[in-house]
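Below, chain A is the first sequence line, B the second, and so on; all start at residue 1.
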Amino acid sequence: MDPKTYKFDTLSLHAGYQPSKNAGSRQVPIYQTTSYMFDDVDHAAALFNLERGGHIYSRMSNPTVQVLEERVCALEGGTAALATASGMSAIFLTIMTLCNAGDHMVVSSQLYGGTVNLFRLTLPKFGIKTTFVKPRDTEGFKKAIQPNTKGIFGELVGNPGNELMNMPEVSNIAKEAGIPLIIDSTYQTPYLCRPFEHGADLVVHSLTKWMSGNGSSMAGILVEGGTFDWMQNDKFPTMTEPYEGYHGLSFAEEFGPTAFTMMARAEGMRDMGPCLAPQNAWNILHGLETLSLRMEKHCSNALKMVEYLSNHESVAWVSHASAPGHPDKELAEKILPKGTGSMIAFGIKGGKEAGAAFINNVKLASHLANVGDARTLVIHPASATHSQMDEATLKFAGLSHDMIRLSVGLEDFEDIVNDFEDGFRAAKKPRLVANK
Amino acid sequence: MKFKVRGIDTFASTGGRPFDKNKPLIIFVHGSGLSHMVWVLQTRYFAFRGYSVLAVDLPGHGLSSGESLKTIEEMGDWVGDVIGAVGCKEASLVGHSQGCLVTMECVAQHPEKIKTLTLMGGASAIPMNPELLQLAEESNPKAVDLMMDFAHGPAGHFGGHPVPGLYHLNVGSMIVQNKEIKDTLGVDFRACDNYKNGPEIAKKLDLPTLSILGAQDRMCRLKDGKILADYIKGSEVKIIEDCGHMMLLEEADQTLEILKKFIAEHYPLPN
């Protein structure tokens, strides 16, 4: 006897939506509205006081966005989810729900540059400080924890250097300290890894990337695993003590495995308002329908690219967890058995100048500040996505000036290679070819 | 809030309002392996409308201490003791699934204390599938997966939670897995399987009673819910279409509306 609950591919097409409750519409409707009619004054009061579920105002929730939230939640194996205007707003909302002024976070040093800046420069304005730890330094995470530490945050596969954080071991450290582990799983999507199965408590995504795959829309999401016991210690009073904003409600007591998301929506969306537009939610939903198919091709193309780059005379080094000799290969095989993703970092011989020539002379690969598009993307992180970091921070984050970040797309592999050959030819003679 | 019942620390959600023993009391009793958290879309409404509410965690469940009670008869008696433990003399009871058996037993053992009875997803007997029972007693998580599958109708399997962003199947699963499965779900399933007094007790009930049934309930099937309602003299029956066993969450609004009308008619606030 086995449960007949729907599996991953079915959920990516159906979760969160019932046509019978939406005029039979097979596709998810776009509820392009700001607000929702109340039945009467009593109904309005009940909605505002979280006595019953439903929509009030699209800053807090929207029926189209709700489908996306439930769908991602189902795919991740979570209890609750909250979609936001971007991945960065999902991270900010998560930290602002978790922390108060005077609190501290332990954070992996290898992150998207915007996330580094959030922890390094912006959160201190709110009295929240961070200790950065190199992703492979598992013991370092333990040593960095202070009495006022409220969580550990990291990308499983760090951007852009592709170093892995040992999520199961760091999870044990977080559990021992009574704090949640938050994983930015944008690079993996739930197709490659479901972090809750490896000890994460909260997951964030930029849905702008592989989850949509079409490069059309910004979106982010916070997903709760329902695994963390907020009442195990006195570190999280905003979750466990009566909250004045809802007449003395204790989120942990009333909502248990969904308490964090309920708090993030009730307080964070109410007060900060980084809501996702329904049209954008719909665009992301379209992408999710083909998540498995796309991720398979992304990964198979990436494997071929790793082999091609590893054997190329113009390439000094390649970093991808599938690459021979990669320090995290064994860990990757354990927690990313379906593939290690389509992000590759490589060093080009000739350094920064050669890198610029390469990027300026590829035509199929797009030079832009995004990853996870269906199309192949390239960028020079030190002069773009991570350019606001000083030399010391760049070094600590594992970035070098010869590094090119490659997001492998779904094109025919031979066409990507032909394009790269043009780039490498130009890189050999950067002064002669110059910029296109 | 925490209080003592038979000397054991007991937790009950008061729906977000301080408990007041002078207000009419409604006690909500959860189903097998679950906790007070399943009632949040009913309890807060009544708590903010003049009632005192206790969504109890049975011993050993949720935030209550102690060991799980092993028979429905013991659980029914325990619910009767809760009323006195909080300084009240009477209450209305609302039960879900196993909680229906428990609340019926409570009425049978403490008839003078109970004013109305609401049964959600109930049946006069809940015999367990032997394989499911064994899995639960072995703390096998598959028991929870099977329970979530059987317990939910379309809203659970496809989605559409009344609270935006929540996903039915995984919320229910995590509530159950909050404790060792064999110590809560395993004990509860065995208690349900052993309980045979339902039909006889139901025939003797003599108080305003409401049955709320899900048309697509696969845990306590609609026909079994109707049979139970037929046993109970004058029982009201309300059937929710396209709904499984978890009507209190899957169709929380409809469930609340039905309950509101019943409580207003049979257990009104004093003038």
Just do the ring pair (Phe, Tyr, Trp, His ring centres under 6.0 Å) check on A/Y6 and B/F158 with the steps written out, would you? CA-CA 8 Å; A/Y6 296 120; B/F158 284 104; 5.2 Å; yes

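- The part of A/A252 that comes within reach of chain B is its backbone (N, CA, C, O), which places non-hydrogen atoms under 4.5 angstrom from that chain.
- The part of B/N129 that comes within reach of chain A is its side chain, from C-beta onward, which places non-hydrogen atoms under 4.5 angstrom from that chain.
- There is no contact between A/T261 and chain B, counting heavy-atom distances below 4.5 Å.
- Contact record, A/A200 with A/I183: CB-CG1, 3.9 Å, taken as the closest heavy-atom pair.
- The backbone N or O of A/G24 lies less than 3.5 Å from no partner atom in the side chain of A/N22, so there is not a single donor-acceptor pair.
- Among the candidates B/T10, B/D188, B/T184, B/N178, the single residue satisfying the side chain to side chain donor-acceptor pair (under 3.5 Å) test with B/H61 is B/D188.
- Both the backbone and the side chain of B/A155 have a heavy atom closer than 4.5 Å to some heavy atom of chain A.
- Ring-plane geometry between A/W230 and A/F260 is classed as parallel, the angle between the planes falling under 30 degrees on a 0 to 90 degree scale with a further cut at 60.
- No more than 12 heavy-atom neighbours from other residues, nucleotides or ligands sit within 6.0 angstrom of CD on B/E67.
- Both the backbone and the side chain of A/D2 come within contact range of chain B, with heavy atoms under 4.5 Å apart.
- If you measure heavy-atom distances from B/L146 to chain A, the contacts under 4.5 Å come from both the backbone and the side chain.
- With a 4.5 Å cut-off on non-hydrogen atoms, A/I221 does not touch chain B at all.
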*Stepwise, does the side-chain contact (heavy atoms from CB on, under 4.5 Å) test hold for B/D217 with B/D224?*
CA-CA 10 Å; B/D217 192 335; B/D224 296 321; over 6 Å; no

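- In terms of heavy-atom pairs under 4.5 angstrom with chain B, the leader among A/G54, A/G248, A/A45 is A/G54.
- For a residue to count as touching a neighbouring chain, one of its non-hydrogen atoms must lie under 4.5 Å from one of that chain's; by this rule B/F46 does not touch chain A.
- When the candidates A/M231, A/E224, A/Q18, A/H14 are compared by the number of heavy-atom contacts under 4.5 Å with chain B, A/Q18 comes out ahead.
- Here A/R265 pairs with A/E69 in a salt bridge; the nearest charged N to carboxylate O distance falls below 4.0 Å.
- No other option in A/K21, A/E70, A/K4 has as many heavy-atom pairs under 4.5 Å with chain B as A/E70.
- At distances below 3.5 Å, at least one donor-acceptor pair connects side-chain atoms of B/R44 with backbone N or O atoms of A/N49.
- A donor-acceptor contact shorter than 3.5 Å links the side chain of A/N233 to the backbone of A/G178.
- Only the side chain of B/L169 has a heavy atom closer than 4.5 Å to any heavy atom of chain A.
- Heavy atoms of A/R71 lying under 4.5 Å from chain B are absent altogether.
- Proximity to chain B involves both the backbone and the side chain of A/T227, based on heavy atoms less than 4.5 angstrom apart.
- If you measure heavy-atom distances from B/H161 to chain A, the contacts under 4.5 Å come from both the backbone and the side chain.
- Ring geometry for A/H43 against A/F38 counts as perpendicular: the plane angle is over 60°, on a 0 to 90° scale with 30° as the lower cut.
- Heavy-atom distances place the side chain of B/H36, and not its backbone, under 4.5 Å from chain A.
- Contact annotation for A/M262: only side-chain heavy atoms (C-beta onward) come within less than 4.5 Å of a heavy atom of chain B.
- Residue A/Y17 touches chain B through its backbone alone, counting heavy-atom pairs closer than 4.5 Å.
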